[in-house]
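The figures here come from the full heavy-atom set of this structure, side chains too, leaving out hydrogens, waters and symmetry mates. Nothing here was measured: the structure is a model prediction, and the numbers come from that model.
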Amino acid sequence: MSKQFQKPRGTEDILPDMQPYWTMINKSIQEVTTLFGYSRIDTPVFENAALFEKGTGDTTDIVEKEMYTFADRGGDMLALTPEATPALCRSYLENGMGSQPQPIRLYTTAPMFRYDRPQQGRLRQFTQFDCEVIGSADPYVDAELIELLWRLYEHLELTDIELRLSSIDDLTSRKKYISDLTNYYQPLSNLLSEDSQRRLQSNPLRLLDSKDERDISFKEKAPKLIDRLSEESEQHFTTVKEALTAAKIPFTIDPLLVRGLDYYNRTVFEFVPKEDERAQSTIGGGGRYDELIKILGGPHTPAVGFAAGFERIILEMKRQKKTPSPLDSVNVYIAHLGSKAGKESVRLAAELRKNDIACSIGESTRSLKAQLRRANTSGAKITIIIGEEEIKKGTAVIKSMQTDQSQIETPISETITEVVKILNQ
RNA sequence: GUGGGCGUAGCGUAGCGGUUAACGCGUCAGGUUGUGGCCCUGAAGAUCGAGGGUUCAAAUCCCUCCGUCCACCCCA
């Protein structure tokens with residue numbers, strides 16, 4: 001046992017019993033993106049490492065300590081995608097999508113990789129639903145994306161999801177704010193938690209995110225970015241809020257909402273289940289990133305996007321006891337006895353499948369009783385029994401598994417018609 | 001990277017120094033000749049995560065490693 005292979009740390013086998021969740025989410029994504037007119041795109045699982053170093057930002061945790069970076073045999077430095085946004089932007093530029101009518105509305109679902117310590121809701125390989133609208137600075141687009149994700153949760157029948165919204169202004173005014181914030185905290189430095197003292201150097205915005213008791217009172221009195229937005233950002237934010245209200249999407253303004261990626265500006269948002277004590281419970285988040293495409297070497301191109309984690313959505317579905325409907329099982333099970341019957345059941349199965357009737361065949365080595373038991377657990381609605389006697393007579397027994405004891409015997413040539421008749425009842 | 005909890009058959013658990021490691025679910029086979037679900041009987045399935053140590057004796061105590069879970073950091 002111990003010598004057997006184990007899946008790498010932080011990875012998951014998605015076993016058959018979990019597939020209904022995945023199918024349901026994929027189906028809902030399909031529906032919602034269609035309703036909003038988004039096109040699917042698929043990009044490689046790995047990219048040049050430099051794409052993320054530049055795009056995601058080389059001071060972010062993702063790039064600094066979580067990337068799966070490796071040199072391939074030719075010596076190129078590659079990385080397994082830790083987040084989709086830079087990859088989609090790369091594709092936008094590389095494929096000249098800027099020359100198409102703007103904006104471009106894209107979505108993808110793909111595995112993401114981050115070398116982090118696994119815990120609930122956090123894996124090293126996880127799956128994200130990712131949406132980006134590239135080529136528009138329109139605040140209505142921000143609201144549209146937020147609404148799209150909101151509708152996805154509705155499709156999944158998730159309730160009590162809170163939308164937290166904020167604006168983190170544009171880069172230049174934020175820089176000024178950060179220096180003001182640093183000035184505010186500097187004199188308090190030795191009263192702060194160790195983590196926060198460190199944050200003061202590395203990423204002062206994170207101070208507002210601290211959960212440490214020692215920091216909370218300072219954090220409440222700290223200057224708020226949202227109270228001093230530039231005129232344009234203020235206007236932008238107001239329109240986003242108005243659009244959300246028009247779409248009847250409730251939101252709470254969270255002045256302390258800070259997202260971890262460097263490239264965000266203006267609108268940032270997060271979806272969090274209410275009354276959920278778990279730590280890693282954010283089930284979706286995103287924001288505007290007007291500078292990213294330029295950073296990647298393209299023309300100045302405003303854009304917005306979000307990512308939502310499948311695994312976290314599933315955790316929340318389970319918590320809310322939203323069980324997806326089971327996947328289809330076979331309709332017909334063929335039990336057979338004897339080698340002639342064996343061949344006949346293979347022939348019959350092929351014919352059934354040609355008629356779009358899902359079926360499976362029993363094990364020739366097993367007793368009829370055992371085959372019927374299996375038919376029962378397989379969920380088949382009908383069992384067809386072919387034994388030596390039936391072969392002699394040229395018939396098949398059709399047994400309904402749902403009613404008590406009903407079974408009929410028909411000429412083998414009429415089996416399909418009879419099966420169809422019963423299935424349609 | 002830091003801190004804590006936990007690792008016993010496929011799954012969920014009991015046993016917590018002393019005879020062949022127990023139970024439930026599941027699996028397989030039977031309950032008269034070819035008929036499922038309920039019920040009954042039986043069987044298979046565990047070098048008690050791995051390695052080392054303490055002891056006359058270890059699944060039970062100690063150490064190391066691995067895995068896993070939870071939290072921090074960070075994020076989906």
Scan A:Ile62 against the nucleic acid and name what it touches under 4.0 Å (heavy atoms): base, sugar-phosphate only, or nothing. nothing
With respect to the phosphate group of B:U68, does any side-chain polar atom (N or O) of A:Arg9 fall under 4.0 Å of OP1 or OP2? yes
Any donor-acceptor N or O pair under 3.5 Å, side chains A:Ser281, A:Glu316: no
Side-chain N,O (A:Gln119) to OP1/OP2 (B:A71) below 4.0 Å: yes
Atom-pair distance (NZ on A:Lys65; P on B:C72), nearest Å: 14 Å
When you compare B:G52 with B:A43, how far apart are their C1' atoms, in angstrom units rounded to a whole number? 37 Å
Can A:Arg174 and A:Asp170 be counted as an ion pair, charged N to O under 4.0 angstrom? no
Gap in Å between the two C1' atoms, one belonging to B:C74 and one to B:C6, rounded: 25 Å
Nearest-nucleotide pick for A:Lys399, side chain only, options being B:U35, B:G4, B:G34: B:U35
To the nearest angstrom, how far is A:His336 atom NE2 from B:G36 atom P? 18 Å
Exam field: side chain A:Asn95 to backbone A:Ser91, donor-acceptor pair closer than 3.5 Å: yes
Do A:Phe271 and A:Tyr153 have ring centres separated by under 6.0 Å? yes
Whole-Å gap separating P (B:G36) and NZ (A:Lys381): 21 Å
Which residue, A:Glu270 or A:Glu388, contacts RNA chain B at a nucleotide closer to its 5' end, judged by nearest heavy atom? A:Glu388
C1' gap between B:U33 and B:G37, integer Å: 23 Å
For A:Phe113 and A:Val45, run side chain to side chain contact (heavy atoms under 4.5 Å, CB included): C-alpha distance rounded to whole Å, both residues' side-chain angles, the deciding distance at 0.1 Å, then the answer. CA-CA 9 Å; A:Phe113 305 85; A:Val45 168; 3.5 Å; yes
Starting the side chain at C-beta, find the nucleotide from B:G3, B:A76, B:C66 nearest to A:Phe126. B:A76
For the pair made of CZ in A:Arg117 and P in B:G3, what is the distance, rounded to whole Å? 9 Å
Separation between the C1' atoms of B:G45 and B:G24, rounded to whole Å: 15 Å
Verdict with supporting geometry, A:Gln125 and A:Leu123, side chain to side chain contact (heavy atoms under 4.5 Å, CB included): CA-CA 5 Å; A:Gln125 178 183 333; A:Leu123 295 160; 5.7 Å; no
Checking all strands, does A:Gly286 fall into the base, sugar-phosphate, or nothing category for heavy-atom contacts under 4.0 angstrom? nothing
With salt bridge (Lys or Arg N to Asp or Glu O under 4.0 Å) as the criterion, how do A:Lys7 and A:Glu12 come out once you've worked through the C-alpha distance, each side chain's angles and the decisive distance to 0.1 Å? CA-CA 7 Å; A:Lys7 59 181 157 39; A:Glu12 260 182 353; over 6 Å; no
Same-atom distance (P) from B:C40 to B:G34, integer angstrom: 26 Å
For the rings on A:Phe306 and A:Phe129, is their centre-to-centre separation under 6.0 Å? yes
Quick check on contacts: within residues 364-374 of chain A, what sits under 4.0 Å from RNA chain B by heavy-atom distance? A:Arg366, A:Leu368, A:Lys369, A:Ala370, A:Leu372, A:Arg373, A:Arg374
Between CE of A:Met18 and P of B:C11 the distance, given in whole Å, is 16 Å
With heavy atoms under 4.0 Å as the rule, sort A:Gly284 into base, sugar-phosphate or nothing. sugar-phosphate
Step-by-step salt bridge (Lys or Arg N to Asp or Glu O under 4.0 Å) determination, A:Glu351 to A:Arg347: CA-CA 6 Å; A:Glu351 207 181 327; A:Arg347 194 198 60 73; 2.8 Å; yes
Write down the distance between CD1 (A:Ile386) and C1' (B:U35), rounded to a whole number of angstrom. 15 Å
Closest listed nucleotide, where the reference is the side chain of A:Thr282 and the choices are B:A76, B:C73, B:A71: B:A76
Can you measure A:Leu152 atom CG to B:A76 atom P for me and round it to whole angstrom units? 16 Å
Please state whether the base of B:C74 and the side chain of A:Arg122 form at least one donor-acceptor pair under 3.5 Å? yes
Dot-bracket encoding of pairs in RNA chain B, which uses [ ] for pseudoknotted crossings and | for another strand, Watson-Crick or G-U under 3.5 angstrom: ((((((((.[[[[.)..(...]]]].(((((.......))))).....[[[[[..)....]]]]])))))))....
Which whole number of Å gives the distance between the C1' atom of B:U55 and that of B:C62? 12 Å
Please work out if A:Glu390 contacts a base, only the sugar-phosphate, or nothing of the nucleic acid, heavy-atom cut-off 4.0 Å. base
Whole angstrom value for the distance that separates C1' of B:C73 from CG of A:Asp116: 8 Å
Nearest nucleotide by nearest heavy atom, which residue falls closer to the 5' end of RNA chain B, A:Asn376 or A:Thr127? A:Asn376
Pairwise P distance, B:A50 and B:C70 [rounded to whole Å]: 24 Å
Check every atom of B:U35, B:C73, B:C70 against the side chain of A:Ile385 and return the nucleotide holding the closest atom. B:U35
Taking atom types as modelled, is there a side-chain donor on A:His336 or A:Glu344 under 3.5 Å from an acceptor on the other? no
Donor-acceptor pair under 3.5 Å, A:Glu66 side chain vs B:G1 base: no
Write down the distance separating the P atoms in B:C28 and B:C38, rounded off to the nearest Å. 13 Å
Parallel, tilted or perpendicular: which fits the ring planes of A:Phe70 and A:Phe46, with parallel below 30° and perpendicular above 60°? perpendicular
Is a side-chain N or O of A:Glu390 found less than 3.5 angstrom from the main chain of A:Gly387, in a donor-acceptor match? yes
